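In the text below, chain A, chain B and the rest are named by the order of the sequence lines, each starting its count at 1. Small disclaimer: the values here were computed from a predicted structure and weren't measured.
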There are 2 protein chains.
Amino acid sequence: MIESDELLSIRAAELYYEEDKTQDEIGSILALTRWKVGRLLAQAKASGFIRIEIVHPRARRLPVERRLRETCGLTDAVVVSTSGVEDQDELQSRTAQAAADYLAALRPVPRTLGISWGRTLDDVSRHLEDGWASGVDVVQINGGVSLNRRAGTAASTAVTMAQKAGGHATLLPSPAILERLETKRAIESDRAVAAVLSLAADADAYLFSAGAADASSVLVDSGYLTPDDVAELVRRGAVGDVVGRYVDASGAIVDHGLDGRTIGLPLERLRAAQLSIAVIAGAAKHAVARAVVTSGLCTVLVTDEETALHLIENHRPVHDSEDHA
Amino acid sequence: MIESDELLSIRAAELYYEEDKTQDEIGSILALTRWKVGRLLAQAKASGFIRIEIVHPRARRLPVERRLRETCGLTDAVVVSTSGVEDQDELQSRTAQAAADYLAALRPVPRTLGISWGRTLDDVSRHLEDGWASGVDVVQINGGVSLNRRAGTAASTAVTMAQKAGGHATLLPSPAILERLETKRAIESDRAVAAVLSLAADADAYLFSAGAADASSVLVDSGYLTPDDVAELVRRGAVGDVVGRYVDASGAIVDHGLDGRTIGLPLERLRAAQLSIAVIAGAAKHAVARAVVTSGLCTVLVTDEETALHLIENHRPVHDSEDHA
DNA sequence: CGCCGGCGTGCTCATATGAGCAAAGATCGC
DNA sequence: GCGATCTTTGCTCATATGAGCACGCCGGCG
């Protein structure tokens, strides 16, 4: 009975979805009433035999977004489809695009937006359309005078975002991490720097990304840390960095010494924010993403489908942890 | 213009298919009239952004069947879905199941059915339901007294099919291939054998499979040929065997000497048949499948999706050829 | 400058679909 | 074997969707 109905529902589904027949027509083909056909179809859908997928680089996964919001207690979530993604860059780009879209659609429009910097954020800035908002000021929330050839990426991200929104950018004129605590204190108390930090602390919204805890980090690339430093941090439980600060799986600072020498908004400020948007994509960042989400660092997460599913499956309300690649 | 419509159609599709919103609701969400939404949705479908797949072991691919029928000039085609197939056995089994279904649904019911033997056909016989027909007589169309431990498989296939249909089986009491032409002629002229062959030649319908040309062939397994024999046949262009006879890509007999020593229905009889059903699945059999279809050996093909797509793509009206694994 | 043809838009109307309900049938315990 | 209950079936009615059409907008051309 149940067996034959299942088979029938498959036959009906084939005719309905693949041959565009009407339920009535299917009824006469399979010798059933159209109501029976309707029920068969409903059953097929409910049993998950019918898989509908939207294949497009800019497709989102609304049901996943909903689950992500619910299980992780986010105010909003944007999940981009990973189907047909060819490489990591493609994934990054799609996610950044989605973040740009989200930002542009944001209401009310924030007067001041605090942003971090890095490859992801830069990608977002490039995906924003000219005139995406009118008059949004952009402030850097962590230090980032780049020490290497990529100098200026941090600045250009902020400037691009501000320009395209017809607002202006406020850069944080300071390194990300200082070698000595005294130097850090001195820079922090510098009038110019202090003013930016205070502006940053007053931003209406934040947009930031996170880095995986490995040698590929921008902090290593920019020369603030050595691969060995990172390895040591990992040994002590670090899963990645958020606005320049290394956190463990529970979102706690790993090395308070290092953290004390890091310039920028404290994570507590992000946790207290009304609106803070994290943009995190890629398998390498699953662990950080989880730390960010479970420790309440963001209210909105923009990510890829795989990361989202990982978060949904592994959501436990914060404590120590194991993890993936 | 076109760009923004594309994006809109994706958003609409997400809401329609993933969130089960009505077109009207989507209209108010995206600030569009419901007609516009309907058109966007139609556009999304037409552009192929919406992929609907029926995931079920017994799902068929009706659109592929249609294309297969049309491009290859078959009277009918059955294509089983390969999604979620784990191994080759699963694929075989699904295809055999489909063939059994097809056979059971066949109208008019053939009075006499000629069948070959082998792993695939045996699988079909096992998938048939008891009472799948009432009174169908089954006749073997090629020799197959098995020389090895699997003895009886050929016989049991025919007997099972006949029993389940409430008809009776007629076995061909002869080896598949003889070593000497004279022996073959002698056996062929034996009254009992000749009677079966003539019955086979008069069958209303045929059901057969095909083997790939490699050492895994049942003909090798049963001891009729050595792996070296097969290698030599391959060198001479063989792509596989059909009812015990090795054919090349154009469906022509490869080795007339060998063919002369093979007992069973000549391929010409199959080509002339009103209804001959081939059941062929698996990547290893793409080449034979192509030979069978292009040379008109079957009027109906039961196969898997990948093979079907291969046939559709590589359909050229017969001549020499290259080929895949 | 104004006319015409093509296209996109929003409409009317016919059709397809889904919700809810009453009757028929199956299933179980007694 | 019989009745109570629970499921399944085919219906009526409300709603959602698709076809076709008239209108208005735009760009080209006289």
- Over how many whole Å does the gap from Asp24(A) atom CG to dA14(C) atom C1' extend? 14 Å

- Query: Considering all heavy atoms of both residues, which atom of Ala96(B) and which atom of His127(B) are nearest to each other, and what is their separation?
  - Reply: CB-CD2, 3.8 Å

- Query: Leu8(A) CG to dT9(D) C1': how many Å, rounded?
  - Reply: 15 Å

- Any Gln23(B) side-chain nitrogen or oxygen under 4.0 Å from OP1 or OP2 of dT15(D): no

- Message: At less than 4.0 Å, is any side-chain N or O atom of Tyr16(A) found next to OP1 or OP2 of dT17(C)? Yes or no.
- Response: yes

- Between dG18(D) atom P and Ile26(B) atom CD1, what is the distance in whole Å? 11 Å

- Does any donor-acceptor pair link the side chain of Arg39(A) with the base of dG18(C) at a separation under 3.5 Å? no

- Does any donor-acceptor pair link the side chain of Trp35(A) with the base of dT12(D) at a separation under 3.5 Å? yes

- Note on the structure: In whole angstroms, the gap separating C1' of dT17(D) from NZ of Lys21(A) amounts to 19 Å

- Query: Once you round it to whole Å, what is the distance between P of dG8(C) and CG of Asp5(B)?
  - Reply: 9 Å

- Message: Between Asp101(A) and Val78(A), is there a side-chain heavy-atom distance shorter than 4.5 Å?
- Response: no

- Using a cut-off of strictly less than 4.0 Å, decide whether Thr22(A) has a side-chain nitrogen or oxygen near OP1 or OP2 of dT17(C). yes

- Message: On the nucleotide dG10(D), are OP1 or OP2 found under 4.0 Å from the side-chain N or O atoms that Thr33(A) carries?
- Response: yes

- Task: Just do the salt bridge (charged side-chain N to carboxylate O under 4.0 Å, His left out) check on Arg39(B) and Asp5(B) with the steps written out, would you?
- Result: CA-CA 10 Å; Arg39(B) 280 171 188 132; Asp5(B) 259 21; over 6 Å; no

- Message: Can you measure Leu40(A) atom CG to dT9(D) atom C1' for me and round it to whole angstrom units?
- Response: 13 Å

- Item | side-chain contact (heavy atoms from CB on, under 4.5 Å) evaluation trace for Ser156(A) with Asp122(A) | CA-CA 8 Å; Ser156(A) 96; Asp122(A) 196 54; 3.7 Å; yes

- Message: With heavy-atom distances below 4.5 Å as the criterion, would you say the side chains of Arg290(B) and Asn314(B) are in contact?
- Response: yes

- Calculate the interatomic distance between Lys36(B) atom NZ and dG8(C) atom P; express it in whole Å. 8 Å

- Separation of dG8(C) P from Arg34(B) CZ (nearest whole Å): 20 Å

